[in-house]
Participant: 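Handing you this structure, nothing more for now.
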Protein chains: 6
Amino acid sequence: MPFTDLPLVELERFRPDVREPADFDAFWAKTLSKSRAAGAGRGADLVPAETPITEVVVEDLTFPGFGGEPVKGWVVRPRRRPDDAPLPAVVEFNGYNGGRGIAGERTGWALAGNVHVFMDTRGQGSGWGTGGDTPDPHGGGPAAHGWMTRGIEDPRDHYYRRVYTDAALLVEHVRALPFVDAGRVSVTGGSQGGGIAIAAGALASAAAVLPDVAFLCAWEHGMQVATSDPFTELARYLAVHRDALETVLTTASYLDGVNFARRITAPALFSVALMDDVVPPSTTFAAYNALASEDHEIAVYPFNGHEGGQTRQWLRQVEFLRARGLAV
Amino acid sequence: MPFTDLPLVELERFRPDVREPADFDAFWAKTLSKSRAAGAGRGADLVPAETPITEVVVEDLTFPGFGGEPVKGWVVRPRRRPDDAPLPAVVEFNGYNGGRGIAGERTGWALAGNVHVFMDTRGQGSGWGTGGDTPDPHGGGPAAHGWMTRGIEDPRDHYYRRVYTDAALLVEHVRALPFVDAGRVSVTGGSQGGGIAIAAGALASAAAVLPDVAFLCAWEHGMQVATSDPFTELARYLAVHRDALETVLTTASYLDGVNFARRITAPALFSVALMDDVVPPSTTFAAYNALASEDHEIAVYPFNGHEGGQTRQWLRQVEFLRARGLAV
Amino acid sequence: MPFTDLPLVELERFRPDVREPADFDAFWAKTLSKSRAAGAGRGADLVPAETPITEVVVEDLTFPGFGGEPVKGWVVRPRRRPDDAPLPAVVEFNGYNGGRGIAGERTGWALAGNVHVFMDTRGQGSGWGTGGDTPDPHGGGPAAHGWMTRGIEDPRDHYYRRVYTDAALLVEHVRALPFVDAGRVSVTGGSQGGGIAIAAGALASAAAVLPDVAFLCAWEHGMQVATSDPFTELARYLAVHRDALETVLTTASYLDGVNFARRITAPALFSVALMDDVVPPSTTFAAYNALASEDHEIAVYPFNGHEGGQTRQWLRQVEFLRARGLAV
Amino acid sequence: MPFTDLPLVELERFRPDVREPADFDAFWAKTLSKSRAAGAGRGADLVPAETPITEVVVEDLTFPGFGGEPVKGWVVRPRRRPDDAPLPAVVEFNGYNGGRGIAGERTGWALAGNVHVFMDTRGQGSGWGTGGDTPDPHGGGPAAHGWMTRGIEDPRDHYYRRVYTDAALLVEHVRALPFVDAGRVSVTGGSQGGGIAIAAGALASAAAVLPDVAFLCAWEHGMQVATSDPFTELARYLAVHRDALETVLTTASYLDGVNFARRITAPALFSVALMDDVVPPSTTFAAYNALASEDHEIAVYPFNGHEGGQTRQWLRQVEFLRARGLAV
Amino acid sequence: MPFTDLPLVELERFRPDVREPADFDAFWAKTLSKSRAAGAGRGADLVPAETPITEVVVEDLTFPGFGGEPVKGWVVRPRRRPDDAPLPAVVEFNGYNGGRGIAGERTGWALAGNVHVFMDTRGQGSGWGTGGDTPDPHGGGPAAHGWMTRGIEDPRDHYYRRVYTDAALLVEHVRALPFVDAGRVSVTGGSQGGGIAIAAGALASAAAVLPDVAFLCAWEHGMQVATSDPFTELARYLAVHRDALETVLTTASYLDGVNFARRITAPALFSVALMDDVVPPSTTFAAYNALASEDHEIAVYPFNGHEGGQTRQWLRQVEFLRARGLAV
Amino acid sequence: MPFTDLPLVELERFRPDVREPADFDAFWAKTLSKSRAAGAGRGADLVPAETPITEVVVEDLTFPGFGGEPVKGWVVRPRRRPDDAPLPAVVEFNGYNGGRGIAGERTGWALAGNVHVFMDTRGQGSGWGTGGDTPDPHGGGPAAHGWMTRGIEDPRDHYYRRVYTDAALLVEHVRALPFVDAGRVSVTGGSQGGGIAIAAGALASAAAVLPDVAFLCAWEHGMQVATSDPFTELARYLAVHRDALETVLTTASYLDGVNFARRITAPALFSVALMDDVVPPSTTFAAYNALASEDHEIAVYPFNGHEGGQTRQWLRQVEFLRARGLAV
């Protein structure tokens with residue numbers, strides 16, 4: 001596999017023209033407030049998970065997300081002692097069509113002493129891994145396979161409006177957990193999870209934003225240069241709906257990670273892989289280069305594909321948060 | 001491409017064990033009656049289509065389908081003279097993720113003197129061709145990409161319950177059109193369209209059933225031997241949901257073309273291609289071999305892939321219907 | 001699939017150096033006059049086609065092409081009334097290794113009220129679809145598989161000299177049909193058919209030229225950048241015949257669509273698809289940008305592959321011809 | 001992906017002819033005793049690992065393996081309290097060309113309350129993941145790429161003789177750790193790791209043997225039917241060394257998992273995936289069906305590829321060991 | 001790559017039903033006599049080749065083949081001394097779409113002391129290697145790409161009728177060369193060359209027949225099971241010409257290697273590779289098992305693909321001929 | 001296949017930054033002197049090869065290479081007459097994972113009147129062809145499959161240090177053969193063999209250097225742009241060993257063909273193929289453009305892949321050497 005995109009020096013200054021709707025903030029403010037209202041009175045519900053794990057606490061999470069609809073997740077955290085202070089938390093989102101899986105599959109952040117929350121992505125969780133548990137009770141117009149074009153005709157109907165809302169509300173719910181230090185809730189995730197982290201980071205003003213090989217940024221550019229799904233789902237849709245380009249770009253403008261990145265001022269640690277053949281590095285750099293944060297870094301893995309930095313990047317994330325007092 | 005399945009002599013006697021639920025007929029009777037009720041008072045609505053075509057009549061169809069929800073289609077028919085008698089009709093269903101397309105794309109049956117009705121497949125129409133226009137306003141649980149596993153947890157929620165219902169109701173609506181001879185309404189379609197034709201043929205007692213390289217038959221066998229989508233969507237789902245096999249097979253049993261074929265007594269002309277690498281020929285033969293019809297034929301194309309017999313098969317269909325007085 | 005060629009803004013001004021032989025016009029004038037002489041006394045022969053189609057007239061065409069050799073085709077046209085005036089005609093050429101197929105497969109232009117003539121491509125018609133019926137009784141030197149290098153050693157022996165001649169003579173024969181308005185005969189076709197349309201449009205001074213995703217333009221450039229057949233047949237030939245480049249380029253110069261485009265002054269509507277991985281968009285633009293026509297347009301389909309605009313483009317063609325009085 | 005091998009009912013009784021050398025036990029007894037002697041006086045060395053993990057203990061392991069050569073690994077275990085009794089241990093081996101990775105990547109067994117030991121595979125650890133740290137200081141004759149044919153000319157020189165010895169000696173070293181209950185040391189691993197577990201389970205009489213989608217069994221059969229590496233490395237070698245079949249089969253007979261399985265009497269839990277296209281299920285069944293154990297089970301994942309049962313299988317392993325008092 | 005066909009034990013007894021026309025011998029007798037007549041008075045013409053080679057003699061061959069048309073080749077032979085006796089000769093035919101190449105590329109047989117003659121395959125020589133020099137001045141009906149379906153409508157027009165005739169006449173011309181011992185002229189070739197050797201061996205009663213991984217045998221079976229060209233050219237043709245099966249099988253029956261093998265009584269050494277994915281081993285065994293020769297052997301290379309035994313097989317061929325006094 | 005790299009005009013001036021260690025010459029001087037010492041007293045050993053070849057002399061070569069370790073090869077040369085003068089020699093190296101094969105496979109140079117020496121590449125010879133016979137008795141740290149990363153941690157341990165030393169010493173040994181003219185020993189080889197020829201040409205001051213489609217040049221650039229093995233082995237290694245880039249580049253700097261080319265002053269004839277998808281043409285040009293030779297040429301094959309010019313290039317090589325008095 002060779003480098004899959006522009007030379008690094010050009011990536012570092014890549015700032016494609018991404019349209020931003022005038023009512024972007026109003027759209028999202030209204031979306032969130034309506035969903036908050038729909039879920040009012042219900043917080044994050046935690047019950048002990050069924051698991052053979054005993055050395056950390058694993059809990060089964062349900063919280064009201066978009067439209068107040070129940071969304072699942074896992075909470076993993078250190079066993080507490082009577083005098084424990086609230087802990088920092090990291091909220092993580094998953095890659096495309098993965099689910100929350102089986103209890104106890106992701107324990108790194110808790111093993112390092114923090115609260116870890118992993119969100120199930122509604123409707124997904126049947127493509128790889130060990131499954132998801134959250135339905136997405138919304139149908140819609142003709143769509144290509146996958147999720148990129150579900151509801152593409154109107155930003156209010158689009159699938160990722162619901163997912164981003166779930167994610168932002170989850171950050172709010174996590175802040176309210178008794179064992180969490182509300183001022184130290186960060187967001188992370190890889191690929192689609194990175195894109196959701198960017199959106200949730202912006203919408204919920206997360207303490208830090210740590211997306212890896214982030215997808216869902218620079219949609220228009222991505223659908224022109226990507227060689228594989230999910231970006232190509234957009235191209236496939238437009239190959240059939242030959243006059244829908246304007247509609248697609250309008251809807252995308254409410255969902256594009258670049259527009260969320262423009263609103264992020266928190267410390268941000270991105271990563272990108274230069275041999276990534278799923279998410280073109282230029283789309284991730286488009287978001288990174290748009291950040292409003294003064295404190296930002298990007299880890300570049302020149303010889304990796306979409307797997308990115310793996311545990312090596314996680315070590316860097318721990319170090320990044322610890323250096324800023326955002327993790328123990 | 002070599003032969004992709006069993007030798008022809010074994011295909012001709014292939015009768016896999018396909019489970020049939022005790023309440024199969026009740027399930028469908030109830031489904032249809034509820035949808036008929038939901039659409040009551042509304043029939044097939046026809047308006048002239050926008051098209052440069054002048055030598056035949058092309059109309060834009062809307063009819064109440066599953067749950068009374070509006071479904072689109074096209075009607076193409078000969079220009080009428082004052083004394084014209086009602087004509088035989090052929091109702092056609094489309095392949096996987098194709099839409100009804102642009103008015104006037106399919107004119108063969110009308111050019112041969114018959115009424116042709118082409119149904120839009122709800123939610124589809126973004127994978128190839130020129131598009132679909134019918135939404136599927138139903139969400140659901142985690143699913144693999146595609147449509148095979150949407151609502152797989154319960155037959156009442158499954159996508160194809162809605163599609164088959166649309167199709168059966170369309171046959172009923174077509175019979176009520178003033179220019180159609182209600183006793184001579186047949187069904188056809190290729191691939192997914194063939195599977196829908198089998199279901200609609202059984203549910204609406206079509207005058208004849210003419211499926212080509214029919215998909216959606218012998219689901220359990222298909223997901224074990226198929227090498228490509230859509231059958232492999234089921235395998236992918238089960239690779240994640242490792243304990244869902246019983247659920248999947250139960251839901252499938254309400255939707256399997258084999259069970260519909262067992263209920264077809266009308267004349268039937270099938271086709272199959274022995275180098276088909278999308279729909280395993282054995283799954284089509286499983287339905288063909290299960291027909292209750294005394295009058296049945298299958299055209300075997302030994303050297304074709306999933307394209308099957310194309311116009312050659314259409315000529316045979318015309319001949320088949322004409323020989324039985326079911327087409328002009 | 002990503003964009004497969006230069007950015008659109010560069011395509012729009014792409015004018016590669018295409019060599020043009022000094023005797024180009026003399027070569028073709030002599031070729032045509034010799035073939036006209038060989039076929040003298042025989043015109044287009046029409047007999048009713050065997051087909052179930054009744055709502056339009058379908059006729060089986062035979063005409064003397066290159067060397068007076070018989071070439072097949074189909075004519076489809078509206079049923080006539082006693083007082084009908086002659087109609088405009090559209091002559092269409094087929095894609096690579098397709099044949100004229102079965103009578104009645106292409107009826108759009110006739111359904112819209114015009115005469116449609118579809119030419120069989122000699123020697124082809126065994127690669128896809130439902131077959132061809134015209135032999136090419138000429139052998140030749142060592143060639144790569146396919147047709148691009150048959151007779152590549154000398155332009156007089158090249159396969160496309162014969163095909164272009166068939167096409168240009170067919171336009172002349174169509175003009176002589178009693179039901180055709182000789183001043184309104186246009187040419188069209190997709191892929192190889194687009195390339196043939198360009199050649200025939202130039203050689204026979206067609207009323208309008210409407211090639212889609214046209215192949216056979218900018219041969220030298222095409223064989224350097226194309227990733228799939230048929231352009232790669234040239235590269236494969238040169239990989240073996242390592243010292244034949246000059247010969248190949250000389251022969252190609254008599255056949256290159258760019259040189260024919262330079263001679264077209266009629267209204268022209270091209271189309272191109274930016275994700276086309278068969279015909280590099282730059283090769284089509286090379287011809288489009290070389291047109292001598294003042295009245296020219298190109299439809300760009302950014303997200304389509306080699307299928308191009310399909311029916312969407314056909315609607316645009318109808319509109320284009322009607323706006324110029326060249327179609328009813 | 002369809003089923004990749006025989007029907008399940010045939011797999012369950014598949015017992016290919018696997019040659020067994022007369023001196024198999026002597027060969028291994030001598031191998032182990034010489035390596036024990038070479039490493040005499042040195043035990044497993046443990047130092048705290050560099051890791052952000054605090055909730056369990058993570059240690060960096062070095063032990064003398066084949067020829068007394070240092071081999072690396074990780075030990076992860078619950079934080080101890082003063083009165084803790086020794087714990088059961090699970091020793092795990094890795095898949096093809098993976099390394100031990102970064103400290104703390106595999107924590108499941110420790111989180112469930114047991115000691116977990118993960119062995120670095122000598123010379124490997126550069127194909128995927130986060131790396132290995134153990135050299136294999138032995139060269140050899142011409143070999144295909146990969147490890148299957150390194151030293152294939154003589155069983156004494158073969159790569160897996162060294163790896164199996166490392167693995168068996170590691171089990172012995174683990175038994176000697178102060179926090180381990182020597183009578184409850186089991187072995188596990190996936191793919192290559194499953195094959196090593198079978199060998200080590202036999203050579204070191206592990207308390208239980210838990211291989212997943214085990215590779216390295218039924219070599220002769222595997223190289224005839226496998227469609228991908230590593231089994232095909234053997235076929236590639238024999239495609240060049242056309243007269244070396246006897247030599248290859250002789251060397252393989254000392255390394256074949258089937259011969260080790262014949263010597264296992266401990267409780268055994270295997271797993272296999274019927275859509276595995278890397279390790280043919282028949283080769284794993286060949287070992288499973290050869291077990292001398294009275295207490296054995298195999299988990300069959302019909303719709304999975306080489307990923308097998310993942311966490312679902314791990315839960316079953318925990319349950320299997322707990323039911324037999326071999327895990328807490 | 002796994003075994004690509006039946007188990008060896010079944011291959012050894014594989015005798016598919018291959019139709020044999022009643023006038024097979026008459027067809028070929030007439031074909032040869034007419035071509036002999038057309039070339040009468042002209043023998044093999046030899047001129048020194050342009051080559052830097054000095055240690056053996058390399059000559060440029062032209063001989064009258066089918067229809068007396070000139071066919072090229074190379075003769076390579078030891079430098080002669082005054083008293084040299086005539087030498088045995090081996091006539092070799094080339095693989096699909098290879099040409100005779102550049103003088104001096106194949107020298108093994110001459111280096112071992114024999115006369116080697118290498119025939120150019122008419123019309124081929126542009127697919128790989130360094131080229132061919134023999135035209136095939138015969139056109140024909142619609143054909144799939146490649147040579148298998150050229151002239152498929154009638155055995156008299158088929159491409160391989162011309163090639164087999166070239167080959168048989170070449171054997172006759174070689175016997176007449178002054179430095180050749182006419183009683184010791186054998187034939188060989190790989191893949192297509194093996195098939196031609198079988199035909200020429202039968203038609204010209206060669207002293208021995210030595211085909212490697214022979215193609216062109218058991219056409220009907222081959223086009224059903226082959227996964228790649230050239231056998232699949234037949235399937236592709238029949239996928240379009242859906243009613244031409246009988247015609248194709250009739251033409252094939254005059255060209256099938258099985259029918260020629262039935263007429264070979266000379267010593268024969270075949271070879272076959274069990275992982276061949278171009279020529280199914282069963283098609284080669286079909287010819288081998290049909291041999292009339294009492295003295296026959298087949299070398300089986302279990303782990304090779306279409307490259308077969310390469311030099312290893314050549315050594316066996318030398319040994320085979322020397323043991324029978326047919327080579328020095 | 002399209003052009004795979006930069007346009008030719010840019011290739012001709014491509015001079016990437018290739019780091020050169022200060023002790024490059026010292027490193028190699030010391031390496032060679034130590035290996036010369038280790039092999040002192042043993043020269044090239046020649047015994048008659050087992051072969052049916054009689055018209056030239058074929059001998060089995062063994063010589064002391066790196067560390068004095070025995071390395072195999074073949075010598076092929078004209079049969080001598082009493083008064084023969086010593087002959088020029090060409091030493092050839094093989095492509096990746098090929099072996100010296102069977103005696104007598106490469107005879108061109110000897111047939112043209114020169115001594116030809118073909119070196120076995122240690123440890124290789126099991127990937128294609130007919131095998132190798134030279135072990136590489138050196139193990140090492142974790143490596144990706146293949147040879148590029150064996151010993152990558154230190155230039156002293158790297159595989160190609162040993163191979164280049166074998167090659168340079170072989171040139172020295174050949175000069176000492178009684179039938180060789182010591183002042184006229186040239187080096188050649190294709191792909192990996194071309195890279196070895198460049199290294200040996202520099203280290204042993206060969207009379208001429210004739211590498212084809214040379215691999216092993218411009219390692220850093222190559223691992224960024226190559227799409228297939230072996231260059232991608234480096235990328236795969238770095239994908240796992242994410243912090244090893246500096247180490248890899250340091251080791252590579254001692255082995256890079258560009259650094260050897262900078263030291264070549266002899267006549268040099270390179271070749272390159274512009275559709276090469278194995279060795280990026282830019283990497284070969286990087287070495288060519290770095291030559292210190294005044295007398296240098298490069299043959300460019302625009303439409304060839306990695307097979308390059310084949311015999312056509314060999315003819316050019318013969319001509320090149322003869323024109324300079326370096327071949328007969």
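Below, all heavy atoms of this structure are taken into account, side chains as well, without hydrogens, waters or symmetry copies.
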Participant: Around B:R156, counting heavy atoms of other residues, nucleotides and ligands shown, do more than 12 lie under 6.0 Å from its CZ?
Facilitator: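 Atom CZ in B:R156 is not packed in, count stays at 12 or less.
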
Participant: Name the option with the most non-hydrogen atom pairs under 4.5 Å to chain B; the candidates are A:E153, A:R122, A:Q124, A:R150.
Facilitator: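 The residue among A:E153, A:R122, A:Q124, A:R150 with the greatest pair count is A:R150.
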
Participant: Looking at B:P137, B:A143, B:G127, B:A244, which one has more heavy-atom pairs under 4.5 Å with chain A than the rest?
Facilitator: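 The option with the most such pairs is B:A143.
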
Participant: Does any part of the side chain of B:T130, heavy atoms only, come nearer than 4.5 Å to the side chain of A:H241, both counted from C-beta?
Facilitator: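 Not in contact.
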
Participant: Run the side-chain hydrogen bond (donor to acceptor under 3.5 Å, both in side chains) test against A:H158 and tell me which residues pass, sequence neighbours left out.
Facilitator: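 Applying side-chain hydrogen bond (donor to acceptor under 3.5 Å, both in side chains) to A:H158 gives none.
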
Participant: If we define contacts as heavy-atom pairs under 4.5 Å, which of B:G125, B:G140, B:G141 has the most with chain A?
Facilitator: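 Highest number of heavy-atom pairs under 4.5 Å: B:G140.
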
Participant: Looking only at non-hydrogen atoms, find the nearest pair between A:P142 and B:D133 and report the distance.
Facilitator: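 For A:P142 versus B:D133, the nearest heavy atoms are CG-N, 4.2 Å.
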
Participant: Tell me which of these, A:T121, A:D120, A:T134, has more heavy-atom pairs under 4.5 Å with chain B than the rest.
Facilitator: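 Looking at each option in turn, the highest pair count goes to A:T134.
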
Participant: Does any heavy atom of chain B fall under 4.5 Å from the side chain of A:D136, the backbone, both, or neither of them?
Facilitator: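 When you check distances to chain B, atoms from both the backbone and side chain of A:D136 fall under 4.5 Å.
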
Participant: Could you walk me through whether A:R236 and B:S126 pass the side chain to side chain contact (heavy atoms under 4.5 Å, CB included) test, one step at a time?
Facilitator: CA-CA 7 Å; A:R236 195 170 304 118; B:S126 300; over 6 Å; no

Participant: What distance do A:H138 atom NE2 and B:H138 atom NE2 have between them, rounded to the nearest 0.5 Å?
Facilitator: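 So the NE2 of A:H138 and the NE2 of B:H138 are separated by 13.5 Å.
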
